[in-house]
Amino acid sequence: MSQLDPATPRLSVGCGAYDRTWPLIAGVVRPEGFALDWSILPPEEVFLRGMLGGEFDITEMSLSTYLLLRSRGSCRYLGLPLFVSRKFRHSALYVREGAGIERPEDFAGRRVGVPEYQLTANVWVRGLLADEYGVRPEAIHWIIGGIDAPGREEKVPVNLPPHFRATRLPAGETLWQWLLDGKLDAIIAPRAPQAFAAGHPAIRRLFADVPAAEKAYYRKTGLFPPMHLIGIREDVAERHPELARALATAFEKAKAFAAHELHQYAYDTAMLPWQEAALRETEAVMGTDYWAYGIEPNRKAIEAMARYSFEQGIVDRQLGVSEIFPLDL
């Protein structure tokens, strides 16, 4: 590996360690003309320190929070359509046993707990309920607070229009206790309640066969929900106008490196004994370029997220794609 020129600009990065970012973290792939100093962080921490705190030159961001901040003109970062985290979210719907919720349509008129209203995962779930099952967000009473520990707050406060029903948990109380007490019918969250992970009989997932539901959703809609994207702090982007394109090229190369590793079968890159079978099944449903970067391959998903954000009262206007991604790649 060649030595870097000491004059090469060094930029800080806050991001998770994913198979598609490891080649960049390890220095196997480098953006032309730049050196990157990585801080490997979980999403909650990198969002606070990066997207909200401005600590990093380049940072991983929540897509929903980014749209909210962009709509207010208060985002420190300019987003790139490099979706380092994506996930179907049918697994995020947890229902109380005995609540009478057997189908997605049964969510209408219910009291549903969420750790934050504007979490990207929750935005996609509400979009799923509205578009696929006719349950609009106004039809649900949202209870907002910590799942297993009290005191969780929205990363960015949301001022919902009055036709949305949303209530904050009282101090010291948790969504899990409310569900046990019958005050909640369900919880929607990207992280499972601890009791679900422990096998508590009072809670179950809405979809008994999550992969089957997600594959059917993809076949119908073509959507593979983006969760997180990469952003460049605005002052850094102004100082280095060539950075956005260099990063886009490097992230594409890193993703291609990860995909190549997945497709060799002499050894497994993850601790999954049937990794090859899972990959073949994924590609049979979604094609070979299912984790695409860039605007055009993701335009439908970007526009869906922008619409959901507006329809759910998070932003006061629907953002256009060019406003979301203003940098020229």
For a side chain to side chain contact (heavy atoms under 4.5 Å, CB included) check, start with the C-alpha distance between M61 and L69, then their side-chain angles and the critical distance, and finish with the verdict.
CA-CA 11 Å; M61 302 190 294; L69 294 173; over 6 Å; no
Salt bridge (charged side-chain N to carboxylate O under 4.0 Å, His left out), that's the test. Do R152 and E173 meet it? Break it down for me.
CA-CA 10 Å; R152 178 157 178 171; E173 302 196 28; over 6 Å; no
Derivation and outcome, side chain to side chain contact (heavy atoms under 4.5 Å, CB included), residues R205 and V210:
CA-CA 8 Å; R205 280 195 167 115; V210 168; 3.8 Å; yes
Evaluate the criterion side chain to side chain contact (heavy atoms under 4.5 Å, CB included) for residue pair F34 and R10; output intermediate values, then yes/no.
CA-CA 6 Å; F34 297 92; R10 301 197 69 89; over 6 Å; no
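Inter-residue side-chain proximity for Y218 and M286 is flagged as met; some heavy-atom pair is nearer than 4.5 Å. Using a 4.5 Å cut-off on side-chain heavy atoms (C-beta onward), L80 and I232 make contact. Contact of the V13 side chain with the T59 side chain is not registered, since no non-hydrogen atoms from C-beta on lie closer than 4.5 Å. You'll find the side chain of R299 reaches within 4.5 Å of the side chain of V321, heavy atoms only. Between E97 and I203, the closest side-chain pair of non-hydrogen atoms is not below 4.5 Å.
For the atom pair CD of Q318 and CZ of R307, the computed distance is 7.5 Å after rounding to the nearest 0.5 Å. Atom CD1 of I147 is separated from atom CG of L175 by 6.0 Å, given to the nearest 0.5 angstrom. To the nearest 0.5 Å, atom CD of residue E261 and atom CG of residue D19 are 10.0 Å apart. R317 contributes atom CZ, which lies 5.0 Å from atom CG of L319 (distance to the nearest 0.5 angstrom). Note that CD of E283 is 6.0 Å distant from OG1 of T288, once rounded to the nearest 0.5 Å. Note that the CG atom of L68 and the SG atom of C75 stand 9.5 Å from one another [nearest 0.5 Å].
Sorted by first and then second residue, the salt bridge (Lys or Arg N to Asp or Glu O under 4.0 Å) pairs with a member in residues 262-277 read E276-R280; sequence neighbours excluded. A salt bridge (Lys or Arg N to Asp or Glu O under 4.0 Å) check over residues 61-79, counting only residues at least two apart or in different chains, returns nothing. Note on residues 38-50: pairs passing side chain to side chain donor-acceptor pair (under 3.5 Å), not counting sequence neighbours, are E44-R191, E45-R49, R49-E55. Applying the ring-ring contact (aromatic ring centres under 6.0 Å, His included) rule to pairs touching residues 60-83 yields nothing, sequence neighbours excluded. Screening residues 254-284 for ring-ring contact (aromatic ring centres under 6.0 Å, His included) gives no qualifying pairs among residues at least two apart or on separate chains.
When all heavy atoms are compared, the tightest approach of D316 to F310 is O-CE1, 3.5 Å. The two residues S85 and Y18 make their nearest non-hydrogen contact at CB-OH, 4.3 Å. Nearest heavy-atom pair across I187 and L184 is CG1-CD1, 4.3 Å. The nearest pair of heavy atoms linking A186 to I101 is CB-CD1, 4.3 Å. Of all heavy-atom pairs between T21 and C15, the closest is CG2-SG, 4.1 Å. When all heavy atoms of V315 and S71 are compared, the pair lying nearest together is CG1-OG, 3.5 Å.
At a threshold of 4.5 Å between side-chain heavy atoms, the hydrophobic network of Ile, Leu, Val, Met, Phe, Trp and Tyr places Y293 and L229 in one connected group. Tracing side-chain contacts under 4.5 Å through hydrophobic residues (I, L, V, M, F, W, Y), one never reaches L160 starting from I143; they form parts of separate clusters. Note on L48 and L67: same hydrophobic cluster, where clusters join Ile, Leu, Val, Met, Phe, Trp and Tyr whose side-chain heavy atoms are under 4.5 Å apart, directly or indirectly. The same ILVMFWY cluster, assembled from side-chain heavy atoms under 4.5 Å apart, contains both L11 and F56. The cluster map of Ile, Leu, Val, Met, Phe, Trp and Tyr, joined by side-chain heavy atoms under 4.5 Å apart, puts Y94 and W178 in the same cluster.
Judged by distance alone, with hydrogens and angles left aside, the side-chain atoms of N298 form no donor-acceptor pair with the main-chain N or O of A301 at under 3.5 Å. When atom types are taken as modelled, the side chain of D185 and the backbone of A99 share no donor-acceptor pair closer than 3.5 angstrom. In this structure a side-chain-to-backbone donor-acceptor pair under 3.5 Å is present from E60 to G16. Panel note: side chain R233, backbone G54; a donor-acceptor pair is recorded below 3.5 Å. The closest donor-acceptor contact from the side chain of R86 to the backbone of A292 lies under 3.5 Å. Side-chain atoms of D131 never come within 3.5 Å of backbone atoms of L128 as a donor-acceptor pair (strictly under, hydrogens ignored). No side-chain donor-acceptor contact under 3.5 Å links S309 to the backbone of M305.
Applying the ring pair (Phe, Tyr, Trp, His ring centres under 6.0 Å) test to H90 and every residue at least two apart in sequence or in another chain returns F207, Y217. Under the salt bridge (charged side-chain N to carboxylate O under 4.0 Å, His left out) criterion, R89 pairs with no residue, sequence neighbours left out. With sequence neighbours left out, F325 forms a ring pair (Phe, Tyr, Trp, His ring centres under 6.0 Å) with no residue at all. Considering only residues two or more places apart in sequence or on other chains, H200 meets the ring pair (Phe, Tyr, Trp, His ring centres under 6.0 Å) condition with W176. Under the ring pair (Phe, Tyr, Trp, His ring centres under 6.0 Å) criterion, F164 pairs with no residue, sequence neighbours left out.
Note: Y290 and F224 have tilted aromatic rings, judged against thresholds of 30 and 60 degrees for the angle between ring planes.
Cation-pi contact between R126 and W142: present, with separation from the ring centre below 6.0 Å and deviation from the ring axis of at most 45°.
Defined by atom type and a distance below 3.5 Å, a donor-acceptor pair is present between the side-chain atoms of D57 and S12.
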What side-chain donor-acceptor pairs closer than 3.5 Å can you find for residues 236-256, not counting sequence neighbours?
from	atom 1	to	atom 2	distance (Å)
R245	NE	L329	O	3.2
T249	OG1	R245	O	3.1
K255	NZ	W291	O	3.1

Contacts under 3.5 angstrom, residues 117-125 side chains, donor-acceptor by atom type, not counting sequence neighbours:
from	atom 1	to	atom 2	distance (Å)
Y117	OH	Q312	O	2.6
Q118	OE1	T65	N	3.4
Q118	OE1	T65	OG1	2.8
Q118	NE2	T65	OG1	3.2
Q118	NE2	E116	OE1	3.3
T120	OG1	S62	OG	3.0
T120	OG1	L63	N	3.4
T120	OG1	S64	N	3.0
N122	ND2	E116	O	2.9
W124	NE1	P226	O	3.1

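Ion pairing between a basic and an acidic side chain is recognised when a charged N comes within 4.0 Å of a carboxylate O; E214 and K220 show no such pairing.
Around the NZ atom of K87, the shell of radius 6.0 Å holds no more than 12 heavy atoms that belong to other residues, nucleotides or ligands.
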